[in-house]
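Report on one structure; see the data block that follows.
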2 protein chains.
Amino acid sequence: MTEADRKTWQAVQDEVRRYISARIWKPGELIPHEAELALQFGCARATVNRALRGLAEAGLLERRRKAGTRVALNPVRRAAFSIPIIREEIESTGQRYGYKVFLREMRVPPPDVQARLQLSGADKILHLQTLYTADNRPYVFETRWINSIAVPDVLNADFDMLSPNEWLVREVAFDGGDFTVSGVAATREEAAVLACKPGEGLLVLERTTRQGDNMITAVRLLFHPGYRMHTRC
Amino acid sequence: MTEADRKTWQAVQDEVRRYISARIWKPGELIPHEAELALQFGCARATVNRALRGLAEAGLLERRRKAGTRVALNPVRRAAFSIPIIREEIESTGQRYGYKVFLREMRVPPPDVQARLQLSGADKILHLQTLYTADNRPYVFETRWINSIAVPDVLNADFDMLSPNEWLVREVAFDGGDFTVSGVAATREEAAVLACKPGEGLLVLERTTRQGDNMITAVRLLFHPGYRMHTRC
DNA sequence: CAGTGGTCTAGACCACCGG
DNA sequence: CGGTGGTCTAGACCACTGC
């Protein structure tokens, strides 16, 4: 209190964290408002705001105008999984990255993909199947549909040196998308590609990416057995 | 430009987004520094900072002191999945939430759980198996280990009205943990509990939660077939 | 309607780190 | 070294929303 130390917003945040952790402020409870905390901590209100806003984003606090700030009843509710960038993920473990395009064709996508890409009836678009490898062992099998009506250049793309994903990242400015994770059992064909047994449990990551209002690509990543997506918070 | 409109940081952020989306600022490229943008947008530097910081957190920009701000080469790299709160998830779809504690015992956990909970050799702790149901249909099967040495009160807990998770959330102030998602094939026993076929592909979410330096609980959620975790960005 | 968080400003100093 | 982002401040006005 008598300290003349400059308070950083991080220091304030840590302090508040301790209060919550020590249950001095209990779940569901109202905590003092910003102006008061600013006084207590001996800093500007903006600094308190910065600290509390961060905690609210992390889910530890719930804030509403006029109603004040409360300790969240259910903390740790959101976790940010970093979407793997295959090449980086493989190379960061010291393994050798590789990939092979299995299939490249124009085709009318199945209904679910049509819906995800907002395509009309009979549009043929680019369909790719690619296997990514780590030290030559199957890592992830990618099934990708690219809206080649929105991105006609892709038809001339050469995927020998640049994977479909890397090509798209270079050529298109994504600005959003959605992700789904689920679990499936390997079909006979998938097992053959991933060099595992049919019926093994695999993690699936599906992603749809758009640029503005254009849906660009829908991709399904089928990871090798034992693959885990992990995060910490 | 001639507008006297008050610029909010959101407006600045949208503007920058458009620049990136339209590839006026290309991936990897350096963008003007904060002071200059503040001039261009007719606002304070703090406002620009707020806008750009948000974009950097979202992964769209990369910022370094002295080096300046660049458009990220690989945007959309992280997606925040919200960790499901079973009861809310079920009730939000209008279904009836229920659960049943199958097993409650003291037991020495398997080595992987011992490691995750930082337990020494032969400590017996609380082991629970619970099935959560939506409209009486199996929704998720939970296998949970609770460090009853750190939280002795749990031994007297009554899980008739409050699920293990809800009890813990009420009694313990979590402040961190880690999450893993993966895919598995249902064993015969798991299939029986979840009323599905052995070998079906299932999503698994594993979570370890701590309070300060104490590891409190390790839980494995095995979701019913067809369950998907979804997020948008 | 009044209290609370949300935001903007102008100015300042600092930490980092590229050249 | 000097340029850039990171942060703090004091004060102000505003937007939302519970009472």
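Remember, it's a predicted structure, so these values are computed and weren't measured experimentally. Below, each value reflects all heavy atoms present in this structure, side chains not excepted, and no hydrogens, waters or symmetry copies. So you know, we letter chains A, B, ... as the sequences are listed, proteins then strands, and number each from 1.
The shortest distance between the side-chain N/O atoms of Asn49(A) and the OP1/OP2 oxygens of dG5(C) is not below 4.0 Å. In terms of phosphate contacts, Thr47(A) brings no side-chain nitrogen or oxygen within less than 4.0 Å of OP1 or OP2 of dT7(D). Arg64(A) has no side-chain polar atom (N or O) that falls below the 4.0 Å cut-off from OP1 or OP2 of dG5(C).
If you take CG of Leu52(B) and C1' of dG5(D), they are 10 Å apart, rounded to a whole angstrom. The interatomic distance linking Gln13(B) (CD) with dC8(C) (P) rounds to 11 Å, in whole Å. Rounded to an integer number of Å, the gap from CD of Glu57(A) to P of dG5(C) is 16 Å. The CZ-C1' distance, from Arg70(A) to dG5(C), rounds to 14 Å in whole Å. One can place CZ of Phe41(B) at 13 Å from P of dT9(C), the figure rounded to the nearest angstrom. Between the CG atom of Leu30(B) and the P atom of dG3(D) there is a distance of 15 Å, given to the nearest Å. To the nearest angstrom, C1' of dG18(D) lies 16 Å from NE2 of His33(A). Distance CG (Leu39(B)) to P (dA10(C)): 11 Å, rounded to an integer number of Å.
Remark: Arg96(A) does not engage Glu91(A) in a salt bridge, criterion side-chain N to carboxylate O under 4.0 Å. Salt-bridge check for Arg87(A) with Glu166(A): passed, with a basic side-chain N closer than 4.0 Å to an acidic carboxylate O.
Remark on DNA chain D: of its neighbouring residues Trp9(A) and Gly68(B), the 5'-side contact belongs to Gly68(B), judged by nearest-heavy-atom nucleotide.
For dG6(D), its base never sits under 3.5 Å from the side chain of Arg50(A) at any donor and acceptor pair. Put simply, the side chain of Arg45(B) and the base of dG6(D) share a donor and an acceptor less than 3.5 Å apart.
Picking from dT4(C), dG18(C), dT9(D) the nucleotide with the shortest atom distance to the side chain of Arg65(A) gives dT4(C). Among the nucleotides dG18(D), dG6(D), dC8(D), the one closest to the side chain of Glu34(B) is dG6(D). Checking dT9(D), dC16(C), dT4(C) against every side-chain atom of Lys66(B), the shortest atom distance belongs to dC16(C). Candidate nucleotides dG18(C), dT4(D), dC8(D) were compared by shortest atom distance to the side chain of Ala67(B), and dG18(C) ranks first. Which of dG5(D), dG3(D), dT7(C) sits closest to the side chain of Thr69(B) comes down to dG5(D).
Within the nucleic acid shown, Arg53(A) has no heavy atom closer than 4.0 Å to any nucleic acid atom. When heavy atoms are screened at a 4.0 angstrom cut-off, Gln10(A) is found touching the sugar-phosphate backbone but no base atom.
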(message) Under the criterion ring-ring contact (aromatic ring centres under 6.0 Å, His included), I'd like the reasoning laid out for Tyr132(A) against Tyr139(A): C-alpha separation, chi angles, the key distance, then a yes or no.
(response) CA-CA 5 Å; Tyr132(A) 296 85; Tyr139(A) 191 82; 8.7 Å; no
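Donor-acceptor pairing under 3.5 Å is recorded for the side chains of Thr69(A) and Arg63(A).
Here the side chains of Trp167(A) and Val154(A) are in contact, with some heavy-atom distance below 4.5 Å.
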Taking distance alone, no hydrogens or angles, what donor-acceptor pairs closer than 3.5 Å link side-chain atoms of residues 43-61 of chain B to residues at least two apart or in another chain?
residue	atom	partner	partner atom	Å
Arg45(B)	NH1	Glu34(B)	OE1	2.6
Asn49(B)	ND2	Glu34(B)	OE2	2.8

